[in-house]
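Because only heavy atoms are used, hydrogens play no part in the values below, and waters and symmetry mates are left out as well, while side chains stay in. Order of appearance sets the numbers: ligands from 1, and atoms from 1 within every ligand.
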Amino acid sequence: MALDSKIPKGPIKDKWTDYKNHIDLVNPANKRNIDVIVVGTGLAGGSAAATLAELGYNVKAFCFQDSPRRAHSIAAQGGINAAKNYQGDGDSTYRLFYDTVKGGDYRSREANVYRLAEVSTNIIDQCVAQGVPFAREYGGLLDNRSFGGVLVSRTFYAAGQTGQQLLLGAYSAMNRQIGRGKIKMYNRHEMLDVVKVDGKARGIITRNLITGEIERHSAHAVVLGTGGYGNVFFLSTNAMGSNVTAAWKAHKRGAYFANPCYTQIHPTCIPVSGDHQSKLTLMSESLRNDGRIWVPKHMKDVEAIRNKTLKPKDLAEEDRDYYLERRYPAFGNLVPRDVASRAAKERCDAGFGVNATGEAVYLDFASAIIRYGKEQAIVKHLDENDATLVKKLGQEVVKNKYGNLFQMYEKIVDQDPYNTPMMIFPAVHYTMGGVWVDYNLMTTVPGLYCIGEANFSDHGANRLGASALMQGLADGYFVLPYTIGDYLSDDISTGEISTDTKEFAEAEAEVRKNIDHLINNNGTHSVDYFHKRLGKIMWNKCGMARNATDLKSAITEISELRAEFWKDVRVPGTQNEFNEELAKAGRVADFLELGELFAKDALQREESAGGHFRDEYQTAEGEAMRRKEFQYVSAWEYKGEPKDAVLHKEELAYENIEVKERSYK
Ligand SMILES: Cc1cc2nc3c(=O)[nH]c(=O)nc-3n(C[C@H](O)[C@H](O)[C@H](O)COP(=O)(O)OP(=O)(O)OC[C@H]3O[C@@H](n4cnc5c(N)ncnc54)[C@H](O)[C@@H]3O)c2cc1C
């Protein structure tokens, strides 16, 4: 099949405007006769459902949680990008577009990204109008902060709860439409198949997770906003329920998948503490605005810290290696996520990890606390040389900025990050790959759309933060509502789609067959047993460092594991009740298929992109080469003058450490 991205002709900056001026529209009276299914009510699906209903379509919205408010989007902490240039620091639509394309390692679809940058400003206006409490400066203007890999401050935020506040905005917009009867909300419903009629997506099969009932739902178009699949790695920062099932079922019905192996590895997560763990926790990237990352310079200090004979805060400045500031002076601690992740892994692989597992580096706020404290003392005409006062004032500023994150860290690790540095390590965070879509956000199945993290459209091999929320809301509020109208304009006389057809019956039978098998299998191992094993294969062989030999063996191992799963999995309980283990079994079955495709994609890409490094970069020379490229491009682009990026001899000596593989056991 030839893929047609349907990118409009013309200069990139005019494409979207021209496109909107020429698409077919559906008049308000006809919209009332058209049904749209939206699966997923996170930021992407929630904003789409609300907007489509506001436009007049009849929307049926589905989520597997007990309320749209619990979508994984709620976890987003750091912020959302928009090219408002409120800081007057040189931002523009072009620069956001450019940074995002570069951040995607030049692998994103540029027309989509330009559109994304264009509508980014509308998102902020829309959300402010909804009452989203973005952080404000003292004078009342919206505040911004900076995220890794860019040199402007364009990230809007609401403390460390940006996703939650944005989701409350989308949720209230949805609720207004639920109240008007324009959205019929199906909570606790899991989509288990797409139904195609005459080649077009015309409905879905769902399981009511409370009663176990299998249901048929029809519509003129189906939209998937079902989130990312980072949980294929078992341990990730995603919500426990995040899964690939909807996207995967769509794939099995003919929707192509793109870039499945592109995964964003986030450098600032709470490190793995042991085998009992089922979830990793993110410490927002925003913390790198003020936190400084370091490990001890000398092995004796690493050992003393691990033995607890030395406290990190007592280690002298000259004995610390602020390795990001040392290697990347232009960006310092705000290098892109892949660079920060890779550097942390390199230091830990070289033996400098500061916790018991050897897989942690420090994120330290001591300097920021003093810097802010002194500033506050000056502002308040107090004694800036009073160390206790300065510390107290500084801690208050840091608390205002990141209080909930610090509290979360303390609850999990039982250490007070105001007084001792946090420990962090990279973890799987976000999946850039997903269902292939064209410029209209339509998949290769006519009438089946995919938005938000579930699609692949805008991110390439993304190494940046604060762009996922932007994409989800751009898709839902400002892009899909136009593009879907163009398609639905052909359906104004179609009438209601019946669910009483052989296509619906066949899809339902397939779903029932799978559930029957899982429930009646009576094997010997739990679902998690298989999921954990899959996660280990994925992390060890398809994670940050990849090579052909490991990827080939991953493909075989995953396919064997899948066969074992179907033969030996044990799902307790019955199908006609609330049975979380059954729901999980279906999701892991799909992860076991996706995992293989993921590894095949990674094998074919003989490149290092985003957070992934293929064979050639796993040598000291390769690593130094890539670092040099990054340093050079960045310095030149932003400062307007080519800068000699050759690393100092001393630096190269430092880099010349053998990069060893480390896996979690
Ligand atoms: C800890 C963390 C912090 C983050 N912080 C930021 C940040 O600061 N800035 C940023 O830009 N990005 C951030 N991200 C990324 C961002 O949060 C996500 O990419 C984004 O929220 C995804 O939104 P979504 O609407 O596409 O999917 P989700 O929010 O995951 O929603 C998926 C929806 O689909 C439903 N669903 C899924 N499968 C089915 C099914 N089979 N049947 C029925 N319903 C289904 C779910 O119920 C849910 O409603 C963060 C991610 C993590 C993990």
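- Residues Phe406 and Phe365 place their aromatic rings such that the two centres sit under 6.0 Å apart.
- Among residues at least two apart or in separate chains, salt bridge (Lys or Arg N to Asp or Glu O under 4.0 Å) pairs with a member in residues 206-218 are Arg216-Glu508.
- Between Trp248 and Phe257, a ring centre-to-centre spacing shorter than 6.0 Å is recorded.
- Cys261 and His612 make their closest contact through O-NE2, 3.2 Å (heavy atoms, listed as atom of the first residue, atom of the second, distance).
- A distance limit of 4.0 angstrom between heavy atoms and ligand 1 selects the residues Val39, Gly40, Thr41, Gly42, Leu43, Ala44, Phe62, Cys63, Phe64, Gln65, Ala71, His72, Ser73, Ala75, Ala76, Gln77, Gly78, Gly79, His189, Glu190, Met191, Gly225, Thr226, Gly227, Thr237, Asn238, Asn243, Ala246, Leu282, His429, Tyr430, Gly452, Glu453, Ala466, Ser467, Ala468, Leu469.
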Indicate every side-chain donor-acceptor pair of residues 425-437 with a distance under 3.5 Å to a residue at least two apart or in another chain.
{"from": "His429", "atom 1": "ND1", "to": "Thr237", "atom 2": "OG1", "distance (Å)": "2.7"}
{"from": "Tyr430", "atom 1": "OH", "to": "His459", "atom 2": "NE2", "distance (Å)": "3.1"}
{"from": "Thr431", "atom 1": "OG1", "to": "Tyr229", "atom 2": "N", "distance (Å)": "3.1"}
{"from": "Thr431", "atom 1": "OG1", "to": "Glu453", "atom 2": "OE2", "distance (Å)": "3.3"}

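- Every residue meeting the ring pair (Phe, Tyr, Trp, His ring centres under 6.0 Å) condition with Phe530, not counting sequence neighbours, appears here in chain and number order: Phe565.
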